[in-house]
Protein chains: 2
Amino acid sequence: MTETTLPPAAPSRRWADALRALGRRVTRQRLAALSAIEASPHATADDVVQALRAELSGITVQSVYVILADLTDAGLLRRIETPHSPARYETRINDNHHHAVCTSCGRIEDVDCAVGHAPCLTPHWSSGAQPMTIQVAEVLYQGICEACRNSPPTN
Amino acid sequence: MTETTLPPAAPSRRWADALRALGRRVTRQRLAALSAIEASPHATADDVVQALRAELSGITVQSVYVILADLTDAGLLRRIETPHSPARYETRINDNHHHAVCTSCGRIEDVDCAVGHAPCLTPHWSSGAQPMTIQVAEVLYQGICEACRNSPPTN
DNA sequence: TAGTTATTGTGAGTTACTCATAATTACTGG
DNA sequence: CCAGTAATTATGAGTAACTCACAATAACTA
């Protein structure tokens, strides 16, 4: 069969293009990091290291930290910080969606932005507060996931 | 005058009562920590150490961490985590208010909850997400404060 | 194909905490 | 008021998650 349905394939090609469009160099490490995170969203730096060891055997934790920080402020990754967990990364960056974290097991789920545009983007300042010019509003939901709710707290 | 307008006075008395009501012991360290944080909201653990050294000269950083963690899960303090900053603490805990952080200087301001009750407390799960039972929604606004906006980026 | 310089690799260092265990000290009960 | 017994606090060591400086490498470019 010929290429009628351009497969989701060539993901590395897409990332390569994105990097070039930003004037950044295209490296094996960056491509590997980006597709690893695309494949498993909310991955931690450590998860990424594990994933990359498969194809880039000698990669170090420090390099991964540099790469992630770099891709993050290049705008290709979004960094998520949840309580009592190392930072997580995802490639879904163009919608401002939010996250819900299970306070019991730490699992994270995506939540679409309810209002479409950021909710309550015009804050009501507390008395005495110096107002700021707001750029983004991130919502972090905390609760209990199904699995934890159903399983007896085994501790 | 008799006690018509119970003065804001005796703050340590109030905290002592609060501790007792929870069945926790009333100690100099706890009272000092609580009033230090009440006096300067959004204080970091380190800020608290500095403040406490005045009255409790020999106090250590580790003790302060223990005290703060303890008061936090006793429900007398609320812990705030903002990106690229150590955790902060505040005594304002009974309204679910939010925070705005200046991405340039890190200053934090309080934001009243616009909707009264938590905004978007019924999340719209992304497709494929396992819904959870939500308990709280925290909103973190990020922007630029007046001071930073007006001052030339001196770097 | 060589040169320039953005990336990556390496090793050490830091920040923000946590843990185990010993020493105190606040609240009983007598 | 005094002793007893936990709850707190102090102490020292240890850890997780990064960050930094500098040397080595490899992408782009001319």
*Asks:* Roughly how many Å is it from CG in B/Asp17 to P in C/dC27, rounded to a whole number?
*Replies:* 12 Å
*Asks:* Roughly how many Å is it from CD in B/Glu81 to P in C/dA16, rounded to a whole number?
*Replies:* 13 Å
*Asks:* If you find the nucleotide of DNA chain C closest to B/Ser85 and the one closest to A/Arg30, which residue's nucleotide is nearer the 5' end?
*Replies:* A/Arg30
*Asks:* OP1 or OP2 of C/dT28 versus the side-chain N and O atoms of B/Arg20: is any pair under 4.0 Å?
*Replies:* no
*Asks:* If you assign B/Tyr65 and A/Ser63 each to the DNA chain C nucleotide with the nearest heavy atom, which residue ends up on the more 5' nucleotide?
*Replies:* A/Ser63
*Asks:* Expressed in angstrom and rounded to an integer, what is the separation of B/Leu22 atom CG from C/dA26 atom P?
*Replies:* 19 Å
*Asks:* Judged by atom type as modelled, is there a donor-acceptor pair below 3.5 Å linking the side chain of B/Asp70 to the main-chain atoms of B/Val66?
*Replies:* no
*Asks:* Side chain of B/Arg24, base of D/dT8: donor and acceptor closer than 3.5 Å?
*Replies:* no
*Asks:* Among D/dA6, C/dT8, D/dT9, which nucleotide has an atom closest to any side-chain atom of B/Arg25?
*Replies:* D/dA6
*Asks:* Looking for any heavy atom pair under 4.0 Å, which part of the strands does A/Arg79 touch: base, sugar-phosphate only, or nothing?
*Replies:* sugar-phosphate
*Asks:* Has A/His98 got a side-chain atom pairing as donor or acceptor with A/Val139's backbone, closer than 3.5 angstrom?
*Replies:* yes
*Asks:* When you look at B/Arg14 and B/Glu38, which way does the salt bridge (Lys or Arg N to Asp or Glu O under 4.0 Å) test go after all the steps?
*Replies:* CA-CA 12 Å; B/Arg14 276 191 299 108; B/Glu38 183 166 47; 3.2 Å; yes
*Asks:* Scan B/Ala87 against the nucleic acid and name what it touches under 4.0 Å (heavy atoms): base, sugar-phosphate only, or nothing.
*Replies:* sugar-phosphate
*Asks:* A quick test of your reading: do over 12 heavy atoms of other residues, nucleotides or ligands sit less than 6.0 Å from CZ of A/Arg92?
*Replies:* yes
*Asks:* In whole Å, what is the span from the OH atom of A/Tyr89 to the P atom of D/dA17?
*Replies:* 12 Å
*Asks:* Please check the phosphate of C/dT7 (OP1 and OP2 only) for any side-chain N or O of A/Arg28 closer than 4.0 Å.
*Replies:* no
*Asks:* Are the side chain of B/Thr27 and the backbone of B/Arg30 linked by a donor-acceptor contact shorter than 3.5 Å?
*Replies:* yes
*Asks:* CG of B/Leu68 versus P of D/dA10: gap in Å, rounded?
*Replies:* 12 Å
*Asks:* Starting at atom CD1 of B/Ile67, determine the distance to atom C1' of C/dC19, rounded to an integer number of angstrom.
*Replies:* 16 Å
*Asks:* Categorize A/Val26 for me: base, sugar-phosphate, or nothing, with a 4.0 angstrom heavy-atom threshold over every strand shown.
*Replies:* sugar-phosphate
*Asks:* Rounded to the nearest angstrom, tell me the gap between atom CG in B/Asp46 and atom C1' in C/dT14.
*Replies:* 14 Å
*Asks:* Rounded to whole angstrom units, what separation is found between the CD atom of B/Gln62 and the C1' atom of C/dC19?
*Replies:* 11 Å
